[in-house]
Amino acid sequence: MAVLRQHIVAALRAMLDQVELRAITARTTENGVSVMLEHDNVRCVLVVSPQVPRHSLSPRELQIAQLVADGATNRAIATSLDISPWTVSTHMRRIFAKLDVCSRAEMVAQFFGGGEPGRPTIPGRRDSLD
């Protein structure tokens, strides 16, 4: 049992090195963002669950914010939701005001809990961790 424990600990340390080097790819699932790590026949799946929302975003604003987190432009969002780019811009201004952010990057950072402590976070999707 001690040898197995040492093997697992060594593999987990190697996986941590992978994460620190940012050599990982994440996948969006219904439960959040998942990352599969593997080293020396040891596999580990980490799931980062979205945080409980503490905001007042409407369902449409949340939908638009998720599309932004996926990398969509305002024009692409407008096309996919069958609304005008002007409407997307209006939603974006409201999202920024509600989350107290000034950029798309700040907004996306809050999706994943990367904002300042005590600031609101909202659940979202992301295809890879940079």
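The shown structure was predicted, so the numbers you read here are calculated from the model rather than taken from an experiment.
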The criterion is side chain to side chain contact (heavy atoms under 4.5 Å, CB included); which residues satisfy it with Ala105, sequence neighbours excluded? Ser103
Counterpart residues, side chain to side chain contact (heavy atoms under 4.5 Å, CB included), relative to Leu16 (two or more places apart): Glu20
Quick check: do Leu67 and Leu81 have side-chain heavy atoms less than 4.5 Å from each other? yes
Which atom of Ser84 lies closest to which atom of Ala78, heavy atoms considered: C-CB, 3.7 Å
For Arg13, does the CZ atom sit with more than 12 other heavy atoms under 6.0 Å from it, leaving out its own atoms? no
Tell me, yes or no, whether the heavy-atom count around Arg93 atom CZ, taken from other residues, nucleotides or ligands under 6.0 Å, exceeds 12. yes
How long is the span from the [atom1] atom in [X] to the [atom2] atom in [Y], to the nearest 0.5 Å?
| X | Y | atom1 | atom2 | value |
| --- | --- | --- | --- | --- |
| Ile8 | Asp40 | CD1 | CG | 11.5 Å |
| Ile95 | Thr90 | CD1 | OG1 | 10.5 Å |
| Asn74 | Ser89 | CG | OG | 4.5 Å |
| Leu57 | Ile64 | CG | CD1 | 10.0 Å |
| Ile77 | Met92 | CD1 | CE | 6.0 Å |
| Lys98 | Met107 | NZ | CE | 13.0 Å |

Charged N-O contact under 4.0 Å between Arg94 and Glu61: no
